[in-house]
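Encoded as structure tokens, the structure appears first; notes follow it.
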Amino acid sequence: MPRSTALEIVFPPRALVLLTGLPGAGKSTLLDQLYGLRGDEPRPVLHDGTLVIDSRQARVRWARLLARLPRRGRSLVVHLAHTWRIVRSLPNGRPVVAHSRAAWPHLLYGFALLARLTGRQLHVIMLDVPAETAMAGQIARGRVVPEVTFDRHRRRWRVLLDRARTGALPPAHGVRVLDRPSADRLRRIVFERSR
């Protein structure tokens with residue numbers, strides 16, 4: 001699968017677009033760049049008719065609870081709250097762009113099923129950066145994933161990326177792979193109007 005170098009990516013109306021990548025790859029940074037997010041929003045943001053869902057929103061919303069939990073508990077609460085927000089957004093009819101965990105195939109299958117049940121297509125943008133770049137991103141944001149967890153993400157990510165490059169990434173309708181320079185050049189995600 002060729003890497004994208006486009007300044008704009010166009011999707012069908014009402015598509016669910018999942019932005020994936022290793023922890024620290026720059027998924028939230030890309031959402032900031034495209035949608036003007038500040039990182040302190042407690043809820044999904046509606047931007048020109050598109051619902052934008054970043055995991056930081058769940059982290060901000062549940063900050064008081066998270067402060068009292070151990071690391072694993074914090075991660076679980078954020079993940080569940082974020083996933084629920086994506087699921088809850090699907091029946092509303094708006095296009096959705098959402099940050100997603102890097103390489104959890106069961107989430108892809110689950111979101112694909114929900115997208116189909118709500119009359120949507122699932123599309124995936126894969127932000128592919130070297131592991132060292134992702135680790136530097138984690139350090140810069142002040143939240144570093146434990147080494148064992150990061151290694152697991154890397155192994156799953158490589159498998160997912162290899163499948164995407166051979167066109168064998170079910171069940172997405174489309175997959176775009178962006179390296180960091182391509183992501184930096186991206187200016188807009190556009191959704192076609194319903195006919």
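For the pair P171 and Y109, the minimum side-chain heavy-atom distance is below 4.5 Å. The shortest side-chain heavy-atom distance between T50 and I189 does not fall under the 4.5 Å cut-off. Put simply, the side chain of L51 does not reach to within 4.5 Å of the side chain of V97, judged on heavy atoms. Using a 4.5 Å cut-off on side-chain heavy atoms (C-beta onward), R94 and L46 make contact. The side-chain heavy atoms of T133 and M135, taken from C-beta on, include no pair separated by under 4.5 Å. Looking at heavy atoms from C-beta onward, V10 lies in side-chain contact with E192 at the 4.5 angstrom threshold. Within the 4.5 Å cutoff, side-chain heavy atoms of Q33 are placed close to those of D184. Contact of the R154 side chain with the L22 side chain is registered, since non-hydrogen atoms from C-beta on lie closer than 4.5 Å.
Electrostatic pairing of D128 and R165 counts as a salt bridge here, judged by a charged N lying under 4.0 Å from a carboxylate O.
A continuous path of ILVMFWY side-chain contacts below 4.5 Å connects L37 to L178, so both sit in one hydrophobic cluster. The same ILVMFWY cluster, assembled from side-chain heavy atoms under 4.5 Å apart, contains both V78 and L69.
Taking CG of L122 as the start and CZ of F11 as the end, the distance is 10.0 Å to the nearest 0.5 Å. In this structure, CZ on R56 lies 8.0 Å from NE2 on H99, to the nearest 0.5 angstrom. The distance from atom CG of L114 to atom CZ of R88, rounded to the nearest 0.5 Å, is 14.0 Å. One finds the NE2 atom of H79 at 14.0 Å from the CH2 atom of W84 (value rounded to the nearest 0.5 Å). L107 CG to S100 OG: the interatomic distance, rounded to the nearest 0.5 Å, is 5.5 Å. Put simply, NZ on K27 and OG on S55 are 7.5 Å apart, with the number rounded to the nearest 0.5 Å.
In the hydrophobic clustering, where aliphatic and aromatic side chains (Ile, Leu, Val, Met, Phe, Trp, Tyr) are joined below 4.5 Å either directly or transitively, L76 groups with L80.
Side-chain atoms of R120 come within 3.5 Å of backbone atoms of L90 as a donor-acceptor pair (strictly under, hydrogens ignored). Counting only distance, with no hydrogens or angles, the side chain of R74 and the backbone of A67 share no donor-acceptor pair below 3.5 Å.
Across every non-hydrogen atom of S89 and I53, the tightest pair is OG-CD1, 3.8 Å. The two residues G26 and R180 come nearest to each other via the heavy atoms CA-NH1, 3.5 Å. Annotation for A81 and W62: closest pair CB-NE1, 3.7 Å, computed over non-hydrogen atoms. Here the closest heavy-atom approach between residue P44 and residue R85 is recorded as CD-NH1, 3.9 Å. Nearest heavy atoms, I86 versus A98: CD1-CB, 3.7 Å. Minimum heavy-atom separation, V60 to G39: CG2-O, 3.6 Å.
A 6.0 Å sphere centred on CZ of R43 holds no more than 12 heavy atoms belonging to other residues, nucleotides or ligands.
Between the side chains of D179 and S182, at least one donor N or O lies within less than 3.5 Å of an accepting N or O.
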Side chains of residues 138-145: which donor-acceptor partners sit under 3.5 Å, not counting sequence neighbours?
from	atom 1	to	atom 2	distance (Å)
Q138	OE1	V145	N	2.7
Q138	NE2	P23	O	3.0
R141	NE	R143	O	2.9
R141	NH2	R143	O	3.3

### Message
Please determine whether side chain to side chain contact (heavy atoms under 4.5 Å, CB included) holds for the pair L186 and L7, giving the CA-CA distance in whole Å, both sets of side-chain angles, and the decisive distance to 0.1 Å.
### Response
CA-CA 4 Å; L186 185 63; L7 294 175; 5.9 Å; no

### Verdict with supporting geometry, E41 and V52, side chain to side chain contact (heavy atoms under 4.5 Å, CB included)
CA-CA 11 Å; E41 298 89 355; V52 183; over 6 Å; no

### Query
Run the salt bridge (Lys or Arg N to Asp or Glu O under 4.0 Å) check on D48 and R188 step by step: do they pass?
CA-CA 11 Å; D48 290 336; R188 294 193 319 154; over 6 Å; no

### Message
Pair H47, L34 - check side chain to side chain contact (heavy atoms under 4.5 Å, CB included), show working.
### Response
CA-CA 10 Å; H47 185 276; L34 296 173; over 6 Å; no

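For residues 58-67, no pair satisfies salt bridge (Lys or Arg N to Asp or Glu O under 4.0 Å), with sequence neighbours left out.
Of the options I125, V96, L108, a side chain to side chain contact (heavy atoms under 4.5 Å, CB included) to L18 is made by L108 and by none of the others.
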